[in-house]
Amino acid sequence: MSLTCDVLFQWILHDWGDNECIKLLKNCKQAIPSRDAGGKVIIIDIVVGSSPSDIKLLETQVLWDLYIMQIGGVERDEQEWKKIFLAAGFKDYNIMPLGLRSIIELYP
């Protein structure tokens, strides 16, 4: 019997700075099995610039950015996410845009 172990962060990591995200993801990496055994982290969050241009989407993004800045959070583009993933020891990821948010699969 094969078990897959996933960790899900839904609208969480944008509330934290890079160092805190790296620490959280390092702990996740230790807790999940290898990729071959089905281990992965799923992140549902904004990846700036990953969605097609749409005026309503852009307006929503701007308003959301203002809110996140007010609470001290960070919205990241793909390169900023990649830097965090690599620093946490992950080797591969996949980003699937879904409107304002994206699903990020992160593999050990």
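Numbering starts at 1 and runs along the sequence shown.
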Sidechain N-carboxylate O distance under 4.0 Å for Arg101, Asp45 | no

Atom CG in Leu86, atom NZ in Lys91: separation rounded to 0.5 Å?
-> 9.5 Å

In short, Glu105 meets Met96 closest at the heavy-atom pair CD-CE, 3.7 Å

Straight-line distance of Lys23 NZ to Cys28 SG, nearest 0.5 Å | 12.5 Å

Which value, rounded to the nearest 0.5 Å, describes the distance between Lys82 atom NZ and Asp77 atom CG?
-> 11.5 Å

May I ask you to test the Leu25-Phe85 pair for a side-chain heavy-atom distance under 4.5 Å?
-> yes

Is a salt bridge present between Arg76 and Asp18, judged by a nitrogen-to-oxygen distance below 4.0 Å?
-> yes

If you measure from CD1 on Ile22 to CD1 on Ile84, what distance do you get to the nearest 0.5 Å?
-> 6.0 Å

When rounded to the nearest 0.5 angstrom, what is the spacing between CD in Glu78 and CD1 in Ile104?
-> 8.5 Å

Side chains of Trp81 and Leu13 in contact at under 4.5 Å (non-hydrogen atoms) = yes

For the residue pair Asp6 and Val41, establish whether any side-chain heavy-atom pair is separated by less than 4.5 Å.
-> no

Of the non-hydrogen atoms in Pro108 and Arg35, which two are nearest, and what is the gap between them?
-> CG-N, 3.8 Å

Which distance, rounded to the nearest 0.5 Å, do you find between the OH of Tyr93 and the CG of Leu106?
-> 10.0 Å

Nearest atoms (heavy-atom pairs only) where Cys21 meets Trp16 = SG-O, 3.7 Å

Minimal non-hydrogen separation, Pro97 against Ser102, with atom names = CA-OG, 3.4 Å

